[in-house]
Each structure stands twice: as structure tokens, then as C-alpha cells.
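All ligand and atom numbering here is 1-based and tracks the order in the structure.
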Amino acid sequence: MRNSALPVDEGMVLQGIGVSPGIVIGKAVLLDRQRTRFVPHKIAARQVNSEITRFSESIKKSKKELQEIKDRILEKGFTQHSYILDVHLRLMEDRMLRDETIRMIEEDLVNTEWALDVTLDKISAAFDSIEDDYLRERKEDIKYVVERILRNLTGRELRRIEDLEDDIIVVAHDLSPADTIQLNLKRVVGFATDMGGRTSHTAIVARSLEIPAVVGLEDVTAYAGGMETIIIDGTEGVVIVEPSRATIKAYHLKQQHYRYLERELLKYSTLKAETQDGYHLALKANIEILDEIPHVRQYGAEGIGLYRTEYLYLNRRTLPTEEEHFQAYKKLAQEIAPYSATVRTLDLGGDKFVSHIDLAEEMNPAMGLRAIRFCIREKEIFKAQLRGILRASTYGNLTILFPMISGVEELLQAKAILEEAEEELMARGIPFDPEIPLGVMIEIPSAALTADILAREVDFFSIGTNDLIQYSLAIDRVNEHVSYLYEPLHPAILRTIKQVVDIAHDAEIEVGICGEMAADPLYTLIFLGLGLDELSMNAIAIPRVKKVLRCSTRGEGERLLKETLQLSTAKETELFIRGEMAELFPEDFIQCVE
Ligand code: PEP
Ligand code: MG
């Protein structure tokens, strides 16, 4: 649907996809990724000195800005992030950058911007001829530094994540998951983007960090970003630019009501996740960073059902070492005890990239050399992580989960590498839990169809509905243009899940869901009917799901499931389930009519 950007009395109302609930009102700042534009022109000889002065002043200003950012970051204790700024500060002094730019101004009589740009090209070309990952990284740093100097030369403000002030709302064309993690460091209170879908990792991170967000707005950057007041309603997927005073007041009330409901729901956190007839369905949390653990406990999670470890690899310049892996998982195991935590091995690719791992540019990244495929190819990277998990396994209850398994051969290859990692630790005399449970994600249709074969090789299944839906229905999960086709209740999906659950139980292994579907209370009764052992979700969703669970019986779930499986379309299914849920829980679900 194209945006209905309506200039109404109460402001410009934009409809997108609400991906992280809550309401925030604040000033909009555009996060700009465009390269600075300038007009290249010749100068007269008498202008040379003033151009060189402009150049020096701009470097001085840029260095001052960087120093301020560095101080702010250090003040907040994020030492790990500050060294990148040291690199940039040093590059501001780079002899080649400085001397060559000045030489061009003097000899070729060109303006500073032009000279600087050409110098950057020359430096980049020099870097290109060297085959070295470290140096390739430095090229990106030089580009960054030149961009900052150029912005100061042209008088245009450069806003990058590290420049942002707290308590603002970020408006951007797109944000990567790595960007989103950094927004949290800056305590940005909300964001709105042109691109994105509900199960994109940017959306998932926003939910985990509890930053209200609306994505897929198509053109919010055309309307906001210049410090206008905007409202983000992440629950309804609405953004209002320059709202009237009356609208702001109404949203303040809505915000209070939302907070009240959240607080009320927290009462469920300490209660058991059990139906009225005593069926226990474990409700666990998905996390991306370890800082989330205290929140997770507050919402009553019975452990971590999915730790997306790829976030350990983001926002840094080098790969995490075995020791870093070990320390992270040890902390996880200790902080979540007595519960368990499932550590999913590196699931890179798709919409998650890191600059220091050289994934080839692919036509179709969701189906490329990613996740377990990448790990099997890059065995040493994989083994460093596996050894870290194994070493940490003696500090609590950890389980290992392999992502993106497409069939048993791939699983056996990954298991062989796990065995190698174990042997290496044994040779070093380092203890680990030899019985650490191993699971696979069922998120590719071929894995679902061969679940009986996979079940012989593992201790549990975790159904990743985000990707399972993407691959089964051929819908790119990050593409806002096809988000209307992303249908969790498509009969193909329900049938697949049922089949996988039945196979797991026949094989006497446990099975859970860790995709975003698990978090939607609309489906809780269906999952109950299916007999799932575990649901893992963003922690904030746990109380709501628990409420449904505690007010129901297993029999109700089985009945609802049976009737649902007779229906032929996702739409019909949704209307039916909504109707039933609205009858059972009139306060929480709204009945829909077609
Ligand atoms: C999934 O695919 O459902 C899943 C949980 O993994 P991710 O969202 O990280 O791909
Ligand atoms: Mg997945």
C-alpha cells in the first residue's frame, strides 16, 4: 500500500508497519547516509591561501567534533566503541591526505572539496591494489574522515549515529541491525524508516530494546527529519508529523494508558506459564545482547530460548576471539541460572552483515552463502565460537542451536566440526559438558520435510517461523512491498508446523518456536493445541502470552486447532481465530468483520 500521507489538521499522518510497540513523542532527526555533494570549480591563484585555511579549519572542526563524541562515549563507559574514534582522529592527521590535497589546491588551482575528493580517490585506488583485510578496513575509515571534513567544508551537518543526542526520534531511509543496536547506546527513544518489514532484524532488535518503531513507511524521510515534532505509535504503525496540540494531548493519554496496561500485565511475570488444567508451556526470551538479561527476568522468562550471537560480531573491527566468546556465554549461563540458555551459532547474512567478514555480494543474500553454510566453509571462525560455548557450558545450562540447516548432510558436517572443537579442548585439558544438548532450527522447508531424519541427530528442534514463512511463501521478510503476503496463518505454515511438532514428539525430542509468531497472543491457543514444548519471544511479549495461557485449557487449544486446520486461506483463518479469541478474551482481542 502506498502511503496515505494526509496533511490533515492534526498533522501529516503516515501509515507503516508498527514493529515495536509503544508511543513516543519527540523531535525528528534525519540520519543521512548520502555522500556530500559539492560543486567542483577552479580557483584564482590569489585564492589558494584562503582555500588552504578553509581546509585546515575544517580539519580542526572535524577533530573537535570527533573528540567530543569520543568523550561522550567514554563518559557512558563504552570504551570498546571509542577506539574507532581514535583511529579517525589519527587519520585526520594523515600526511598523504593533507599534503596531496594542498598540493592540488596550489598546483591545479581547484577548490578544496574537489582536491580532497580526488585525493580520496587516489588513496582508495592505492588501497584497492593491496590484498589485505585490515587495510581494506582502513579505506572505509579514510572515506568516513573525508566525508566529515567535506561536510564541514560545505557547511552541511553530518549526522551519524555516534553524533546523535539522546531523546530524539531517528528518521531514516533504512537502518541496519547494527545501527539499531547503536541507537540504543545513544538512548534514541524511537525510530521511523522508509524501508523494512515486521520480521526484519532491525524490527526484532527494536522490540528487544523496547524502542517504539514504525518501518515500511516508504517516504517518511520526505516529510520528517528536520527537528519537527513527531509522534511514533509503534503499536498501531502510525507516524504523525507536526501534530496539533490536541493530537499531542490525545497521544499523551494513549501513552499513559499503554504504560498502565504494560504495568498491569507485569503481574503475570511471577506466575507460572500453565493452563488451567496444568499444561506447562515454557515461555522463554529471545535476546540479541547480554544487557537484555535483567529485563528478560523482569518479564518472567524461563530462560533464553534464542541468543542471536551474530550481534557479538557487529559494531566492531575484528572477529571475536575464543576467549571473548567464552566470556560472553559464561556470563549468559551464570546470569540466567537456574534456567537454561540456547546459544545459536553465527547466523550471518540475509539482512545481517558485518564489515570485517567478507561475505560475497550476492544477488539473493537470503539464499546465499550465509549462516551455517558460511560457518562450514570458514571452519576456524566457527570453531572459535564452538570452543567458547563448550568452555562456558560448565558454568550453567547451555544448549547449542545450529541455524539454517537445510538437510542432514549439512547437519552432519556441522556436527563433525563441533566434535573437532571438543577434541581441541580435550587436547588442551579444558573441561566442557560433553552432554551439551544440540538442536537445529527448522526454518527451511527442506528441513521441515526431512525433520524425521534430522530428529535422529539432535536433542531438540526450534522452529524459526520468520525464515520458514519467508522461504515457504517466497516472501522476502525485509521487503515492505510484499509484506502483505507475509502470512503466518497460511495453511502451508500451520501444516508445516504441525508436521514438525508431531515428528519431534514421535522421536521423543522437544520442539519450540522462536520466530516472531511465538510472541503474538493471537496464536497462543493454536500453539497450545499443537502441543509445543516451548515458545521463545521478545521478553516484553511474555506477560501477554502468559495471560492467554493461564486463562485457557489444553482442550480449548486442541479444539481451536482442529477447526483452524479445516480452513483454506490465511484470511479466513485469521478471522476465525480472532473471532474465537475475542469471545474468550473480550478485553484483549477485537472481533473483526470483513
Ligand atoms: C527465525 O528465522 O524465525 C528466527 C528466529 O531466526 P532469525 O529471525 O534470527 O532469522
Ligand atoms: Mg532465521
Identify the closest protein heavy atom to atom 7 (P) of ligand 1: which residue and atom is it, and at what distance?
His201 NE2, 3.2 Å
Among protein heavy atoms, which sits nearest to atom 6 (O) of ligand 1, and what does the distance come to when rounded to 0.1 Å?
Arg344 NH1, 2.9 Å
Could you list the atoms of ligand 1 found under 4.0 angstrom from a heavy atom of [X]?
{"X": "Leu306", "value": "5 (C)"}
{"X": "Asp467", "value": "1 (C), 2 (O), 3 (O), 10 (O)"}
{"X": "Gly515", "value": "3 (O), 5 (C)"}
{"X": "Met441", "value": "4 (C), 5 (C), 6 (O)"}
{"X": "Arg308", "value": "4 (C), 5 (C), 6 (O), 7 (P), 8 (O), 9 (O)"}
{"X": "Arg477", "value": "2 (O), 7 (P), 8 (O), 10 (O)"}
{"X": "Ile204", "value": "8 (O)"}

Glu510 atom CD: more than 12 heavy-atom contacts under 6.0 Å
no
For atom CZ of Arg308, is the number of surrounding heavy atoms from other residues, nucleotides or ligands below 6.0 Å larger than 12?
yes
Do Arg544 and Asp520 pass the salt bridge (Lys or Arg N to Asp or Glu O under 4.0 Å) test, and can you show the C-alpha distance, the side-chain angles, and the key distance before you say yes or no?
CA-CA 8 Å; Arg544 211 167 245 121; Asp520 194 333; over 6 Å; no
May I ask you to decide whether Glu322 forms a salt bridge with Lys383, counting only side-chain N to carboxylate O separations under 4.0 Å?
no
Give a yes or no on whether a salt bridge exists between Lys415 and Glu457, defined as a side-chain N under 4.0 angstrom from a carboxylate O.
yes
Dump the intermediate steps for salt bridge (Lys or Arg N to Asp or Glu O under 4.0 Å) on Glu580 and Arg559, then the final yes or no.
CA-CA 11 Å; Glu580 295 282 312; Arg559 179 192 58 78; 3.1 Å; yes
Should [X] be listed as contacting ligand 1, given a heavy-atom distance under 4.0 Å as the test?
{"X": "Glu516", "result": "no"}
{"X": "Asn286", "result": "no"}
{"X": "Gln470", "result": "no"}

Ligand 1-proximal atoms of Met404, by part, heavy-atom distance under 4.0 Å:
neither
Side chain, backbone, both or neither: the part of Leu468 lying under 4.0 Å from ligand 1 by heavy atom
neither
So which of the N, O or S atoms of Asp467 lies nearest the Mg ion (ligand 2)?
OD2
Can you give me the closest heavy-atom contact between [X] and [Y], atom names plus distance?
{"X": "Ala519", "Y": "Met537", "value": "CB-CB, 3.7 Å"}
{"X": "Phe585", "Y": "Ser552", "value": "CZ-OG, 3.7 Å"}
{"X": "Ile23", "Y": "Pro212", "value": "N-CG, 4.3 Å"}

Pick from Pro403, Cys514, Ser536: which one makes a side-chain contact (heavy atoms from CB on, under 4.5 Å) with Ser462?
Cys514
Would you say the ring centers of Tyr313 and His325 fall short of 6.0 Å from each other?
yes
Please check whether Glu310 reaches ligand 1 - meaning an N/O of the residue sits under 3.5 Å from an N/O of the ligand, judged on distance alone.
no
Could you name the option among Cys514, Ala203, Ser200 that has the heavy atom nearest to atom 5 (C) of ligand 1?
Cys514
Are any N, O or S atoms from Glu443 nearer to the Mg ion (ligand 2) than 2.8 Å?
yes
